[in-house]
Chemist: 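One structure, pasted below without further comment.
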Amino acid sequence: MTATTEHTVRVPAPRTAAPSARARRTARRRRLGAAGVLMAPFFLLLTTVFLIPVGTAAYLSFYSDDQPGLGFGPERTVFVGLRSYAAVLTDPTFLGGLGTVALYCLIYIPLMVAGALLLALLLDSGVVRLRSFAQLGLFLPHAVPGIIAALIWLYLYTPGISPVVDLFARADITIDFLGVHTVLPSIVNIALWSNLGYNMVVFYAALQAVPREVTEAAVVDGAGPVRTALQVKTPLVRASIVMVALFTLIWALQLFTEPMLLSQSSPMINSRFSPSMYIYDAAFTRNNYSLAAAASVVLLLCTVALSYGVTRLTSRNSTAEEAR
């Protein structure tokens with residue numbers, strides 16, 4: 001009996017040739033080129049509307065127009081170093097404007113974030129009927145330009161022509177919306193009316209991304225609507241809350257339109273009520289561009305420092321909670 005042994009011959013699979021160094025460099029250049037084309041509009045816009053104005057302001061802050069002798073000679077631009085910054089930081093009106101804006105932020109930002117989040121939670125819970133019309137009605141004030149909104153509220157605040165003031169007067173209630181103690185809350189009211197709906201839309205969009213399985217599980221566990229909203233939904237949209245708070249802080253530090261228009265009817269608002277109004281007054285009323293540029297740089301540094309602080313604080317809290 002003859003035994004036949006079969007041997008299986010394995011043919012090695014053809015190897016794929018590794019890409020050469022030249023091919024890798026070509027592919028890398030293509031990726032970098034595509035990324036550069038996509039990022040070019042951003043960097044162009046950043047350079048045009050931010051870096052160039054900031055650089056110009058920083059340059060102007062170190063120079064000033066002086067007249068030699070008794071002031072009869074021609075003006076010349078001279079280097080003054082930090083003189084403009086010293087004048088800004090020792091000016092009580094500028095420091096008072098910073099204090100006013102700080103108080104404005106302490107009132108406005110919590111009301112804005114909490115109010116917008118509450119409205120978004122109500123819309124997301126289904127309690128509000130005709131949700132689309134409610135969203136449109138809340139967002140519509142944001143579509144009104146800031147100047148028009150300030151003029152509308154100036155009409156409602158001014159005694160003698162305001163139907164609101166007349167209505168309170170018929171009830172023997174005297175309210176001066178532009179008085180010494182009420183002018184700042186009146187400005188806060190205008191800003192809330194204009195921007196509350198916009199931030200509500202941001203929160204509502206974030207709530208729509210919350211998995212419904214999570215909220216259904218909370219309901220099954222016995223959580224009521226309030227507990228579900230505060231302890232389940234709100235932590236899941238923390239990133240949106242931080243973003244809205246940060247953007248609101250940046251916008252609040254640039255307070256200008258509302259007090260500028262209300263200053264026409266209220267002696268409580270002077271031309272240097274806020275840092276932005278101080279900058280406008282220095283540049284276009286006193287023609288001191290060096291002082292205005294220095295104040296602009298100081299305001300920018302305050303904004304950057306506060307924004308960085310908020311970002312670091314929130315990231316630290318998030319890291320601490322993840323480590324638990």
Side-chain angles (χ1 to χ4, degrees), residues 39 41-43 45-51 53-54 57 97-98 100-124 135-136 138-150 153 184-185 187-210 233-260 274-277 279 296-319:
M39 294 296 293
F42 167 76
F43 285 111
L45 188 63
L46 177 68
T47 303
T48 304
V49 304
F50 182 75
L51 296 180
V54 169
L98 286 178
T100 301
V101 168
L103 181 59
Y104 171 79
C105 291
L106 290 176
I107 300 174
Y108 171 61
I109 296 177
L111 290 176
M112 171 60 71
V113 176
L117 181 60
L118 177 61
L119 291 174
L121 289 171
L122 289 174
L123 291 174
D124 186 67
Q135 290 178 357
L136 178 61
L138 291 170
F139 183 80
L140 192 59
H142 184 72
V144 179
I147 296 178
I148 304 301
W153 284 100
L184 193 60
I187 296 175
V188 170
N189 176 64
I190 298 175
L192 285 173
W193 182 81
S194 300
N195 301 314
L196 193 64
Y198 174 82
N199 293 317
M200 179 272 300
V201 171
V202 174
F203 286 141
Y204 182 75
L207 289 171
Q208 293 299 299
V210 174
K233 293 182 180 180
T234 301
L236 293 176
V237 296
R238 181 175 300 170
S240 298
I241 295 175
V242 173
M243 182 192 69
V244 169
L246 184 61
F247 287 169
T248 304
L249 172 64
I250 295 172
W251 293 333
L253 291 174
Q254 303 173 22
L255 179 65
F256 179 79
T257 303
E258 294 84 358
M260 176 61 74
S274 68
S276 295
M277 293 180 65
I279 295 168
S296 302
V297 174
V298 171
L299 180 59
L300 173 64
L301 293 177
C302 292
T303 304
V304 172
L306 290 174
S307 303
Y308 177 77
V310 171
T311 304
R312 289 288 298 175
L313 180 61
T314 54
S315 62
R316 184 180 302 174
N317 292 338
S318 300
T319 304

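Just so it is clear, the structure is predicted and the values come from calculations on it, not from any experiment.
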Chemist: Distance from Leu122 atom CG to Leu117 atom CG, nearest 0.5 Å?
Modeler: 9.5 Å

Chemist: Which atom pair, heavy atoms only, marks the closest approach of Ser274 to Leu255?
Modeler: OG-O, 2.7 Å

Chemist: Could you work out, with side chain to side chain contact (heavy atoms under 4.5 Å, CB included) as the rule, every residue matching Leu136, not counting sequence neighbours?
Modeler: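 By the side chain to side chain contact (heavy atoms under 4.5 Å, CB included) rule, Leu136 matches no residue at all.
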
Chemist: Applying side chain to side chain contact (heavy atoms under 4.5 Å, CB included), name anything that partners Ala149, two or more places apart in sequence or on another chain.
Modeler: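 So Ala149 forms a side chain to side chain contact (heavy atoms under 4.5 Å, CB included) with Val144, Trp193, Ser194.
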
Chemist: Return the set of residues passing ring-ring contact (aromatic ring centres under 6.0 Å, His included) with Phe256 (not counting sequence neighbours), or none when no residue passes.
Modeler: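 Checked Phe256 against ring-ring contact (aromatic ring centres under 6.0 Å, His included); matches are Tyr280.
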
Chemist: Just so I know, are the side chains of Leu196 and Leu138 near enough to count as touching, which here means a heavy-atom distance under 4.5 Å?
Modeler: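 When only atoms from C-beta onward are counted, Leu138 and Leu196 do not touch, as no gap falls below 4.5 Å.
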
Chemist: Within this structure, what is the CD1-CE distance for the pair Ile107 and Met112, rounded to the nearest 0.5 Å?
Modeler: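 So the CD1 of Ile107 and the CE of Met112 are separated by 13.5 Å.
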
Chemist: Just wondering, are more than 12 heavy atoms of other shown residues or ligands nearer than 6.0 Å to CG in Leu51?
Modeler: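 Result for CG/Leu51: enclosed.
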
Chemist: Enter the distance from Trp153:CH2 to Ile148:CD1 here, rounded to the nearest 0.5 Å.
Modeler: 15.5 Å

Chemist: Write out all pairs satisfying side-chain hydrogen bond (donor to acceptor under 3.5 Å, both in side chains) with one or both partners inside residues 199-208, taking only residues at least two apart or from two chains.
Modeler: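 Every pair satisfying side-chain hydrogen bond (donor to acceptor under 3.5 Å, both in side chains) with a residue in residues 199-208: Asp124-Gln208, Arg131-Tyr204, Tyr204-Gln208.
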
Chemist: In the structure I gave you, are the side-chain heavy atoms of Val202 and Met243 within less than 4.5 Å of one another anywhere?
Modeler: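 Of all side-chain heavy-atom pairs linking Met243 with Val202, at least one is under 4.5 Å.
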
Chemist: Nearest 0.5 angstrom please: Leu313 CG to Tyr308 OH, how far?
Modeler: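 Rounded to the nearest 0.5 Å, the CG-OH separation comes out at 11.5 Å.
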
Chemist: State, with a plain yes or no, whether a side-chain heavy atom of Thr248 is found less than 4.5 Å away from one of Asn195.
Modeler: no

Chemist: Check Ser307 against Ile250 and note the closest heavy-atom contact, atom names and distance.
Modeler: OG-CG1, 3.6 Å

Chemist: Around atom CZ of Phe247, are there more than 12 heavy atoms from other residues, nucleotides or ligands closer than 6.0 Å?
Modeler: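 At most 12 heavy atoms, drawn from other residues, nucleotides or ligands, come within 6.0 Å of this atom.
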
Chemist: What I'd like to find out is whether the side chain of Val113 reaches to under 4.5 Å of the side chain of Phe203, using heavy atoms alone.
Modeler: yes

Chemist: Can you list everything that forms a side chain to side chain donor-acceptor pair (under 3.5 Å) with Gln254? Sequence neighbours excluded, please.
Modeler: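 For Gln254 there are no side chain to side chain donor-acceptor pair (under 3.5 Å) partners, ignoring immediate neighbours.
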
Chemist: So which heavy atom on Pro259 is nearest to which on Ile187, and how close?
Modeler: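 Looking at all heavy atoms of both residues, the shortest contact is CB-CD1, 4.0 Å.
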
Chemist: Got a sec, which residues hit side chain to side chain contact (heavy atoms under 4.5 Å, CB included) with Leu249, two or more places apart in sequence or on another chain?
Modeler: Cys105, Ile109, Leu253, Leu306, Val310

Chemist: What heavy-atom pair brings Val101 and Pro275 nearest, and what distance separates the two atoms?
Modeler: CG2-CD, 3.2 Å

Chemist: Who passes side chain to side chain contact (heavy atoms under 4.5 Å, CB included) against Ala206, sequence neighbours left out?
Modeler: Val237, Ser240

Chemist: Got a sec, which residues hit ring-ring contact (aromatic ring centres under 6.0 Å, His included) with Phe50, two or more places apart in sequence or on another chain?
Modeler: none

Chemist: What residues, two or more places apart in sequence or in another chain, satisfy ring-ring contact (aromatic ring centres under 6.0 Å, His included) together with Tyr108?
Modeler: Tyr104

Chemist: Can you check whether Leu121 reaches Thr234 side chain to side chain, under 4.5 Å on heavy atoms?
Modeler: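 With C-beta onward as the side chain, the pair touches.
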
